[in-house]
Amino acid sequence: MAALAEVGSAGHFRELLQQKGKSLVVVHFWAPWAPQCIQMNDVMAELAKEHSQVTFVKLEAEAVPEVSEKYEISSVPTFLFFKNSQKIDRLDGAHAPELTRKVQRHASSSTISAGPNDNAKEDLNMRLKKLTNAAPCMVFIKGSPQEPRCGFSRQMVEILNKHNILFSSFDIFSDEEVRQGLKTYANWPTFPQLYVAGELIGGLDIVKELEASGELDTICPKAHKLEDKLKVLTNKASVMLFMKGNKQMAKCGFSKQIIEILNGTGVDYETFDIFEDEEVRQGLKTYSNWPTYPQLYVKGELVGGLDIVKELKENGELLSILKGEN
């Protein structure tokens with residue numbers, strides 16, 4: 001059975017990674033106050049039974065801050081995957097099916113690498129094909145659009161944003177296998193790389209040329225204006241809640257409280273996890289002139305946050321407002 005270890009210091013963490021060498025190590029950054037973390041610890045225990053060659057580790061994020069800060073852990077649960085003391089992948093949030101898939105993929109790549117690697121190459125190419133087709137416009141960069149980690153990636157993001165192009169991104173620092181494999185797959189040795197409909201357009205110099213010639217606007221899909229996007233989202237359901245997490249798993253105490261109140265009314269509602277879209281998270285604050293979350297909307301109109309909802313409940317007005325009667 002695989003070890004389900006608990007790490008209590010930065011030194012212990014470094015020592016464990018060094019000991020395991022090429023073996024896969026999966027680290028759960030967790031907090032005892034978060035119920036979703038407790039659930040994911042149970043998932044880890046089950047995975048440990050199935051993957052004896054993998055080391056599963058629990059690390060309390062707030063108890064070992066130097067490790068959490070080093071790997072930019074901003075919320076729990078977060079999972080990091082290591083081989084040879086190097087981070088090869090990351091998963092944010094309590095997504096048991098995705099955690100299982102990542103463990104299976106990285107664990108199998110460990111066993112395959114010991115023998116003929118034709119199957120491994122085939123699996124990687126399939127994965128790269130899926131990634132390059134994950135959105136109509138995909139850019140592979142160092143870092144994220146919000147925090148590019150090299151000048152070329154920053155320029156690429158700035159050009160795409162300037163032209164109001166709708167794109168998704170992949171941080172090549174988060175997965176060394178993708179970073180190296182994409183160079184061969186695309187026959188393009190550097191990053192960033194821009195793909196449209198799964199086809200490589202090129203790197204920063206090509207994108208600059210396309211911008212200068214006016215072709216960039218015809219090649220890449222356009223994004224809706226942010227205000228239009230927010231209007232659509234706030235009207236997606238008669239009652240819409242923008243929160244940290246979702247109705248099945250709130251990721252902060254305020255969101256959890258408002259979910260409990262809404263569930264008690266029996267009114268149907270939908271949620272939007274602001275952790276899933278930084279543009280929406282920041283844009284909605286200005287759109288609604290309301291700086292905090294959660295935010296509750298009825299028929300596209302802002303009702304307010306947790307305090308307002310509590311007041312409406314105490315006054316007996318909440319149900320009629322949720323039904324659109326006021």
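As a basis for the values below, the full set of heavy atoms in this structure was taken, side chains included, without hydrogen atoms, waters or symmetry mates.
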K.L.:
With no hydrogens and no angle check, is any side-chain donor or acceptor of Asp273 less than 3.5 Å from a backbone partner on Phe275?
P.N.:
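Flag set: sc Asp273 to bb Phe275 pair under 3.5 Å.
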K.L.:
Please give the remaining members of the hydrophobic cluster of Trp30, linking ILVMFWY side chains under 4.5 Å, ordered by chain and number.
P.N.:
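Result for Trp30 is Ile38.
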K.L.:
Given Asp175, which of Arg127, Lys87, Arg90, Gln180 fulfils the side chain to side chain donor-acceptor pair (under 3.5 Å) condition?
P.N.:
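Single pass found, and it is Arg127.
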K.L.:
Can you run down the ring pair (Phe, Tyr, Trp, His ring centres under 6.0 Å) pairs that involve residues 140-161, sequence neighbours left out, and say none if there aren't any?
P.N.:
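Matches after skipping sequence neighbours: Phe140-Phe170, Phe140-Tyr195.
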K.L.:
Under 4.5 Å between side-chain heavy atoms, chaining through other members, with only Ile, Leu, Val, Met, Phe, Trp and Tyr counted: pull out the rest of the cluster around Trp33, sorted by chain and number.
P.N.:
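Besides Trp33, the cluster holds Val76.
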K.L.:
Are there over 12 heavy-atom neighbours, none belonging to Phe254, within less than 6.0 Å of that residue's CZ?
P.N.:
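Counting neighbours around CZ of Phe254, 12 or fewer heavy atoms of other residues, nucleotides or ligands fall under 6.0 Å, so no.
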K.L.:
Taking only residues two or more places apart in sequence or in another chain, which ones pass salt bridge (charged side-chain N to carboxylate O under 4.0 Å, His left out) with Glu211?
P.N.:
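Testing Glu211 for salt bridge (charged side-chain N to carboxylate O under 4.0 Å, His left out), a comparison that skips the adjacent residues, returns Lys162.
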K.L.:
Quick check: do Leu204 and Thr190 have side-chain heavy atoms less than 4.5 Å from each other?
P.N.:
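In short, these two side chains do not touch, never coming nearer than 4.5 Å.
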K.L.:
For Thr234 and Leu284, what are the C-alpha separation, side-chain angles and deciding distance, and is it a side-chain contact (heavy atoms from CB on, under 4.5 Å)?
P.N.:
CA-CA 9 Å; Thr234 53; Leu284 201 59; 4.1 Å; yes
K.L.:
Going by heavy atoms in the side chains, are Phe56 and Asn41 under 4.5 Å from each other?
P.N.:
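Heavy-atom side-chain distance check fails, nothing below 4.5 Å.
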K.L.:
Once salt bridge (charged side-chain N to carboxylate O under 4.0 Å, His left out) is applied, do any residues pair with Asp277, and if so which ones, sequence neighbours excluded?
P.N.:
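Here the qualifying residues are Lys229.
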K.L.:
With rounding to the nearest 0.5 angstrom, report the CG to CD distance, Asn84 to Glu176.
P.N.:
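Asn84 CG to Glu176 CD: 11.0 Å, rounded to 0.5 Å.
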K.L.:
With sequence neighbours excluded, what pairs up with Glu278 under the salt bridge (charged side-chain N to carboxylate O under 4.0 Å, His left out) test?
P.N.:
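Here the qualifying residues are Arg281.
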K.L.:
Using the test salt bridge (charged side-chain N to carboxylate O under 4.0 Å, His left out), find all partners of Glu46 that sit at least two apart in sequence or belong to another chain.
P.N.:
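Partners of Glu46 under the salt bridge (charged side-chain N to carboxylate O under 4.0 Å, His left out) test: Lys49.
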K.L.:
For Phe13, give me all partners under ring pair (Phe, Tyr, Trp, His ring centres under 6.0 Å), at least two apart in sequence or on another chain.
P.N.:
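Expected list: Phe82.
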K.L.:
Sorted by first residue and then second, give each salt bridge (charged side-chain N to carboxylate O under 4.0 Å, His left out) pair with at least one member in residues 286-303; sequence neighbours left out.
P.N.:
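Residue pairs passing salt bridge (charged side-chain N to carboxylate O under 4.0 Å, His left out), neighbours aside: none found.
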K.L.:
Kindly indicate whether the side chain of Leu131, heavy atoms from C-beta on, has any atom under 4.5 Å from the side chain of Tyr185.
P.N.:
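The answer is no, as the side chains (C-beta and beyond) never meet within the 4.5 Å cut-off.
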K.L.:
Would you sort out whether Lys313 and Val309 count as a side-chain contact (heavy atoms from CB on, under 4.5 Å), showing the intermediate values?
P.N.:
CA-CA 6 Å; Lys313 181 188 175 186; Val309 171; 5.6 Å; no
K.L.:
Going by heavy atoms in the side chains, are Leu194 and Leu160 under 4.5 Å from each other?
P.N.:
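Counting from C-beta outward, Leu194 and Leu160 do come under 4.5 Å.
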K.L.:
Using a 4.5 Å cut-off on heavy atoms from C-beta on, say whether the side chain of Leu322 contacts that of Leu312.
P.N.:
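Contact flag for Leu312/Leu322 side chains = no.
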K.L.:
When the side chains of residues 239-248 are checked against the rest of the protein, which donor-acceptor pairs come out under 3.5 Å, sequence neighbours left out?
P.N.:
from	atom 1	to	atom 2	distance (Å)
Asn246	OD1	Gln248	N	2.9
Asn246	OD1	Met249	N	2.8
Lys247	NZ	Tyr269	O	2.6

K.L.:
Side chains of Tyr287 and Leu302: closer than 4.5 Å at any heavy-atom pair?
P.N.:
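A side-chain contact under 4.5 Å is absent here.
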K.L.:
Show me the pairs that pass salt bridge (charged side-chain N to carboxylate O under 4.0 Å, His left out) and involve residues 53-65, at least two apart or across chains.
P.N.:
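Residue pairs passing salt bridge (charged side-chain N to carboxylate O under 4.0 Å, His left out), neighbours aside: Glu6-Lys58.
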K.L.:
Could you list all the side-chain hydrogen bond (donor to acceptor under 3.5 Å, both in side chains) pairs where at least one residue sits in residues 252-261, not counting sequence neighbours?
P.N.:
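Non-adjacent pairs meeting side-chain hydrogen bond (donor to acceptor under 3.5 Å, both in side chains): Gln257-Lys310.
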